[in-house]
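Working notes, structure below.
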Amino acid sequence: MVEVFDRKIASHVGLRLGKPIPLNSMYRAISMGGRTASIKSSAYRKWTEEQGALLEAHKPPRIPGPYVCYITLPENYRGDVDGGVKCWL
């Protein structure tokens with residue numbers, strides 16, 4: 001993996017990532033001694049690994065300090081837009 005400090009600094013970055021998984025598929029509940037805990041689902045773990053590899057392939061520069069994130073979806077996107085983009089952020 002490339003260290004973040006080895007990357008050049010940029011004022012803006014554009015990335016194209018894969019389709020998000022539904023929010024309802026991100027976590028699952030498990031029972032732990034009378035208590036319930038939420039853990040990442042296997043689908044979400046797989047998705048984050050794939051997106052991490054895709055992000056590394058882009059080799060984006062780093063942006064120091066605060067930033068603004070714009071997310072653009074296709075016009076024909078079918079699904080929960082608000083829930084879908086949460087896995088990107």
Side-chain angles (χ1 to χ4, degrees):
M1 179 185 295
V2 177
E3 289 288 328
V4 172
F5 301 109
D6 291 343
R7 295 187 176 163
K8 62 183 177 180
I9 296 174
S11 61
H12 65 279
V13 175
L15 301 171
R16 185 174 297 230
L17 299 174
K19 182 179 176 184
I21 64 170
L23 181 61
N24 292 340
S25 299
M26 290 174 63
Y27 295 92
R28 65 183 189 92
I30 61 167
S31 182
M32 295 176 48
R35 294 178 37 182
T36 303
S38 293
I39 62 169
K40 290 180 183 178
S41 68
S42 58
Y44 184 45
R45 283 194 303 271
K46 180 182 176 193
W47 184 87
T48 55
E49 289 172 8
E50 291 170 352
Q51 297 310 300
L54 187 58
L55 185 59
E56 279 299 315
H58 282 296
K59 297 190 186 316
R62 64 188 183 103
I63 300 176
Y67 65 92
V68 175
C69 177
Y70 294 98
I71 297 174
T72 306
L73 297 170
E75 287 185 29
N76 62 348
Y77 179 78
R78 297 179 58 101
D80 177 15
V81 173
D82 185 48
V85 299
K86 286 181 180 166
C87 58
W88 282 328
L89 300 174

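Values below: all heavy atoms of this structure, side chains included; hydrogens, waters and symmetry mates excluded. Computed from a predicted structure; not experimentally measured.
- One hydrophobic cluster, built from ILVMFWY side chains closer than 4.5 Å, cannot hold both Tyr27 and Ile30; they sit in different ones.
- Side-chain atoms of Thr36 do not come within 3.5 Å of backbone N or O of Ala29 as any donor-acceptor pair.
- The minimum heavy-atom distance linking Lys40 with Arg45 is given by the pair O-NH1, 2.6 Å.
- Cluster annotation: Ile21 and Ile39 are assigned to distinct hydrophobic clusters (Ile/Leu/Val/Met/Phe/Trp/Tyr, side-chain heavy-atom contacts under 4.5 Å, transitive).
- Arg35 CZ to Met32 CE: the interatomic distance, rounded to the nearest 0.5 Å, is 7.0 Å.
- Between the CE atom of Met26 and the CH2 atom of Trp47 there is a distance of 7.5 Å, given to the nearest 0.5 Å.
- Each of Val13, Val68, Ile9 was scored for a side-chain contact (heavy atoms from CB on, under 4.5 Å) with Ile63, with one residue passing: Val13.
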